[in-house]
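Data first, discussion second: the structure below is written as structure tokens.
Not measured: the values here are computed from a predicted model. Numbers restart at 1 for each chain; the letters A, B, ... are given by sequence-line order, proteins then strands.
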Amino acid sequence: MENKKLKDKMLVVQSRTNNLSTIRDFVYAAALDAGFSVEVIDNIILAVDEACTNIIKHAYKSYPEGEITIKLKRKDKKFTVVIIDHGVPFKPETIPDPDLQKYYRQHKVGGLGMYLMKSLMDEVKYVSVPGKYNQVLLSKNLNNAN
Amino acid sequence: MAEFSTSVKDAGDVNIIYLKGYLDAHTAPVLENTFSNLVDNGRYSLVVNFKELSYISSAGLGVFMAFIEKIRENKGDIKLSAMNDKVFNIFDLLGFPLLYEIYKEENEAVSKFSQIKKLENGK
């Protein structure tokens, strides 16, 4: 494969959980194209799924007509999934690391998705412009692919 | 759209729940219903077979947390079995092996319940 100029790709879906598989398929194909191993791709799509699930549930509070835009970028060895929504801004610093013992008592979990994102990706960044958009950037470096 | 389904087998005092496909925020309610039906019928000794589960996200993991305490309060348990490496790694990353027994084979998990029963009867 020639070292072609990175081709940016984009997907726009409504904020519904039945679109999660569409999102995963879209990112899977692009990450495969980028040269990641299947194991790493599995981690990337799980991180993206978690980010989008959080957007559907928390940013849009399960409102099904919100818009989620997924952009894929490659720069040098860095593969970045940019996820944009127009829902309630998210404050990542307010989410503590998960405590399973506590969840056990509360019968519910929270923050697992964010913990997975941080564990599975090389970089997780949140950018919110209140009243305009929220952006999550999930990056993985290709040299760590195998 | 990704598919997910469950099927339940009666194995005496134990029920085995077979998971198939993709378990995410969209399909997690299917598994919630399966657990609800079993618990409502007083079935608390549960083994989950993950052999045909291809994918799990935290929404799926949350379902196990939602039912475990009630089940244990009723002297039951959810024992997990036959996970592929990918699915196990996610459970492991989140610390689930501290809270759940995870077995390589379904029958190992099932036999743990009968061992407990024997011990109780022997008292």
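- Considering every non-hydrogen atom in both A:Met117 and A:Ala47, the closest pair reads CG-O, 3.5 Å.
- Heavy-atom pairs under 4.5 Å with chain A peak, among B:Ala25, B:Gly95, B:Ala59, at B:Ala25.
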- request: Might you work through the side chain to side chain donor-acceptor pair (under 3.5 Å) test for B:Asn33 and B:Ser36, ending with a clear yes or no?
  value: CA-CA 5 Å; B:Asn33 279 337; B:Ser36 284; 5.2 Å; no
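- Residues from residues 49-68 of chain A that place a non-hydrogen atom less than 4.5 Å from a non-hydrogen atom of chain B comprise A:Asp49, A:Glu50, A:Thr53, A:Lys57, given in numerical order.
- Hydrophobic clustering (side-chain heavy atoms under 4.5 Å, transitive across Ile, Leu, Val, Met, Phe, Trp, Tyr) keeps A:Met114 apart from A:Leu137.
- Counting heavy atoms from C-beta outward, B:Glu101 and B:Asp77 have side chains that approach closer than 4.5 Å.
- Judged by distance alone, the side chains of A:Thr22 and A:Asp25 never bring a donor and an acceptor atom under 3.5 Å apart.
- A centroid separation of 6.0 Å or more is found between the aromatic rings of B:Tyr22 and B:Phe4.
- The residues A:Lys78 and A:Glu123 are annotated as salt-bridged, a charged nitrogen and a carboxylate oxygen being separated by less than 4.0 angstrom.
- When the heavy atoms of residues 38-46 of chain B are compared with those of chain A, none of the residues falls under 4.5 Å.
- A:Ser128 and A:Asn134 get closest at one heavy-atom pair: OG-OD1, 2.7 Å.
- The 12-atom threshold is exceeded at CZ of B:Phe64, counting heavy atoms of other residues, nucleotides or ligands nearer than 6.0 Å.
- In this structure, chain A has heavy atoms under 4.5 Å from both the backbone and the side chain of B:Leu94.
- Around NZ of A:Lys71, the count of heavy atoms belonging to other residues, nucleotides or ligands within 6.0 Å does not exceed 12.
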